[in-house]
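Remarks on the structure that follows.
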Amino acid sequence: MLDILIPHYNAPEDLQMSLASVADQTWRGKKRVVLFDDGSTAENLAQVEKIVKDSPLDIDLIRSPQNLGRPKARNALLQAAEARFVAWLDAGDIWYPEKTEHQFNTIFRHHFEGADIDTIWVSCHYDWQWVGRRRRKVVQDTTGNQLKDLFAGDRLRAYLWTLLGTRESFTLASRFDERLTRLQDLDFFLSFVRAGGRIVSPGTDAPLCCYFKSDIGRNAREIRQCYDTIFAKHHAALLGHGRGFARRTRVKADFVAARFARNNGERFGALGYQLGAFFTDPHYAAYRAKKFVLKG
Amino acid sequence: MRGTKVCFVIQKLALRSGGAERVLIDTANALYDRGYAVELVSHEHRGKKPFYPLRKGIIHTNLYPRDKNRTRIERLWGRLQNVFHKNRLYLPGLAHLQWWSEHGGFRRRLARHIDATEPDVVIAFLPPAVTALGHAKPKYKPRRFASLHNVPEQDFDNRERWDPNPVDRRLRKSALEHFDGIGTLLPEFCNWFDPALRDRLLVMPNAVKPVPDKKIATAKRTKKVVSVGRLADVKRHHLLIEAWADLQEEFPDWSCDIYGVGPIEAQLAQQIKELGLSEKVHLRGHSKSMERVYLESAILAHPAEFEGFGLVITEALAHGLPVVGFEDCSGFNFIVRDQVSGVFVPAEGRRSANLAQALARLMRDPEERARLSQAGLEELERFREDKVLDLWEEAIHGKKTHAEV
């Protein structure tokens, strides 16, 4: 049995799209959706209740009277999970029909090869779509040093909705850090890998889900602070890959924060992060500037 | 979902096969199995894994910066510091500077790590971690617990143990005031502590892993006396070797195996050679299959001067071995009951002769050995894993109030 854990906050249309993608899965095993409404307005909650009622899926709706934030919502979902297998989805993102089928095939292949499936997560390639732009495929490369790749964020990215694993595997190391209003996925992935967990890829090159990306309304400073919390928490592991690497990881976080600031109209904020990056690692900042110019 | 976050702190863990390290790993594994989120934090130059296997799911963090991550200047500075740390002339002021140079980093990095990870409880294992955690000043204040694994006089008053710097000794003692709870192995150790600290004390013996009855029943025991422990003065293996010189004539078919490694190995080998016991007494070094050793032996001789607890004694009893040791050895006289699960050797008079006499009596009498062996297994009930783990939970959450009970 599979429990699909979905947090939701004030986005009933997005939720409907996500649930439709779950209903379209080619994997026909028994599945249950656990939906955690994180204090949506009465109007939105009423819409959610209607969606749940009309859906062909088996859905358990948990209502929170107030908005707890994403990490607490995810912890509540993890607490509510009962099935042997668990997958995640965010309201607004979608799975392609073959996602769970491919991932289950992978998990059973590992099981029959003698691996402990309670210490692995099956990830997948995905499509990345900025609002108003065309989709592009993003490859999740699990073959390298996973801890290093998660810090770097180029070859392997920490997105929970790409995953399927046993319920035990999601409680391997720790719970979601409730201090992290953003990026709690990254911290969760890092803890998992540091605790001996392993992320594996399904046997297909096709993307299996789609992430609709938007930076609008997200606070750049909050993002940067969350990065700082994560880097402090995993300081020894980060430094284990060399000082240069740790410096570059911090600079990349500056560029991410600059992107959020720019997309939310905070031009001076973005400039501040870029300047900070330039003084920390001028080589990398120059490389990013060159890439930006060449790309136009 | 994992609940309480427990952070164990120990200075050195990499490839260490000592008793305290084993207790730490066993406890961490057992608490993890009970649903705790567990992290082990060390601060050591060696970037190796722990000797004992750690459950997947437990995070191990070494706070010490690796050499490859240090600049050339920092490495040079480190080498100069190492020379400075070898100083044994502790002049006022200089001794403080030396302490800060040697241990300041552990304290500082630990405080930073606690602030970053915000565990619910931090447990310091062994005195160096107790000093660092006791004096660390994190902004976040978790519950602090000190877990001690030796006779307190040895840990806090002995000038030769741990760092001989008097500043370290003073800070080690004063660190205890900053803990919410202190775990000590034996009830008799409580008297050493300051009366103001006594309400924070928790007597928590080490747990014993049970051995299946079938293994004990089918054990093929040979005429062998075994002794296990680090080859150091405190374990007094030399008394056993001396005693064997008295025993060899009456018991030519018996042999004696001593397991362990340590600083006085050459000295003991020389003693064996001088007494002409090379064919009967063997130094076996370190063994990874101690279970087999216990199951093949008839008696455990434990002539140690003192024990913080005596993990070896409980292990031997769990494998059905009667234990012979001195009546004044702490740990031994707590675990073993005279003539019930072992034999107390009188401390008065010539110790080696007394030991030889006690061993001879048991070596002659297989029925007595069987009786002591059976009673020893029953004796271990109070060290059962789940009982000791309940005590660890008390250490983590604090003593329950009457209302909670």
Side-chain angles (χ1 to χ4, degrees), chain A residues 5 71-72 74-82 86 115-121 147 166-180 187-188 190-198 225-247, chain B residues 1-7 9 13 28-29 31-44 47-50 53-75 105-106 108-120 138-140:
Chain A
L5 311 181
K72 282 189 181 170
R74 284 185 163 159
N75 280 333
L77 281 166
L78 208 47
Q79 191 84 51
E82 288 168 359
V86 164
D116 176 8
I117 57 168
D118 288 337
T119 60
I120 60 170
W121 288 344
L147 188 59
T166 62
R167 188 162 52 90
E168 280 70 21
S169 72
F170 288 104
T171 58
L172 183 75
S174 187
R175 52 186 187 258
F176 289 95
D177 190 331
E178 295 181 355
R179 293 173 297 167
L180 295 169
D187 172 62
F188 196 61
L190 290 170
S191 299
F192 175 74
V193 173
R194 289 187 62 204
R198 193 161 56 92
Q225 279 169 353
C226 287
Y227 268 120
D228 281 340
T229 305
I230 292 169
F231 294 155
K233 200 172 163 182
H234 302 281
H235 179 74
L238 176 62
L239 211 59
H241 295 102
R243 278 193 173 176
F245 177 79
R247 201 165 46 236
Chain B
M1 198 169 63
R2 305 219 156 261
T4 312
K5 278 164 76 175
V6 182
C7 172
V9 184
L13 186 62
N29 286 343
L31 287 173
Y32 178 81
D33 291 343
R34 279 202 179 183
Y36 289 84
V38 182
E39 182 182 18
L40 296 188
V41 171
S42 61
H43 187 263
E44 57 193 324
K48 304 279 182 192
K49 285 186 175 176
L54 206 55
R55 281 272 189 294
K56 270 194 177 180
I58 298 177
I59 293 176
H60 175 210
T61 304
N62 181 3
L63 297 178
Y64 196 89
R66 286 198 201 161
D67 232 13
K68 66 171 185 179
N69 297 329
R70 299 198 297 173
T71 60
R72 215 174 276 178
I73 293 173
E74 281 173 325
R75 276 185 230 177
F106 188 12
R108 198 178 61 247
R109 289 181 194 114
L110 183 59
R112 213 161 50 195
H113 186 73
I114 291 170
D115 280 334
T117 52
E118 297 194 355
D120 297 307
K139 290 188 195 97
Y140 176 79

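In this text the structure is predicted, and so the values were computed from the model without any measurement. Every chain is numbered from 1 and lettered A, B, ... according to where its sequence line falls, protein lines coming before strand lines.
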Between Ala173(A) and Ala37(B), what is the shortest heavy-atom contact and its length?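 Closest heavy-atom pair between Ala173(A) and Ala37(B): O-CB, 3.7 Å.
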Shortest non-hydrogen separation from His60(B) to Pro50(B) and the atoms involved: ND1-CD, 3.9 Å
Heavy-atom cut-off 4.5 Å, strictly under: side chain, backbone, both or neither for Arg179(A) against chain B?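 Interface part for Arg179(A): side chain.
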Please flag which part of Asp228(A) lies under 4.5 Å from any non-hydrogen atom of chain B: side chain, backbone, both or neither.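 The answer is neither part of Asp228(A).
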For the interface with chain A, which of Leu63(B), Val38(B), Thr117(B) has the highest count of heavy-atom pairs at distances below 4.5 Å?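 With the most close heavy-atom pairs to chain A, the winner is Thr117(B).
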Arg198(A) (side chain) donor-acceptor with Thr119(A) (main chain) under 3.5 angstrom: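 Flag not set: sc Arg198(A) to bb Thr119(A) has no pair under 3.5 Å.
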Which one, Ala246(A), Ser191(A), Gly244(A), Ala237(A), leads in non-hydrogen pairs under 4.5 Å with chain B?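 Highest number of heavy-atom pairs under 4.5 Å: Ser191(A).
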Heavy-atom cut-off 4.5 Å, strictly under: side chain, backbone, both or neither for Arg109(B) against chain A? neither
With a 4.5 angstrom heavy-atom cut-off, could you sort out which part of Tyr64(B) is near chain A: side chain, backbone, both or neither? neither
Do Thr71(B) and Arg243(A) get their side chains close enough for a donor-acceptor pair, meaning under 3.5 Å?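 The answer is no; no qualifying pair exists.
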Please step through salt bridge (charged side-chain N to carboxylate O under 4.0 Å, His left out) for the pair Lys233(A) and Asp177(A), ending with a clear verdict. CA-CA 11 Å; Lys233(A) 200 172 163 182; Asp177(A) 190 331; 2.8 Å; yes
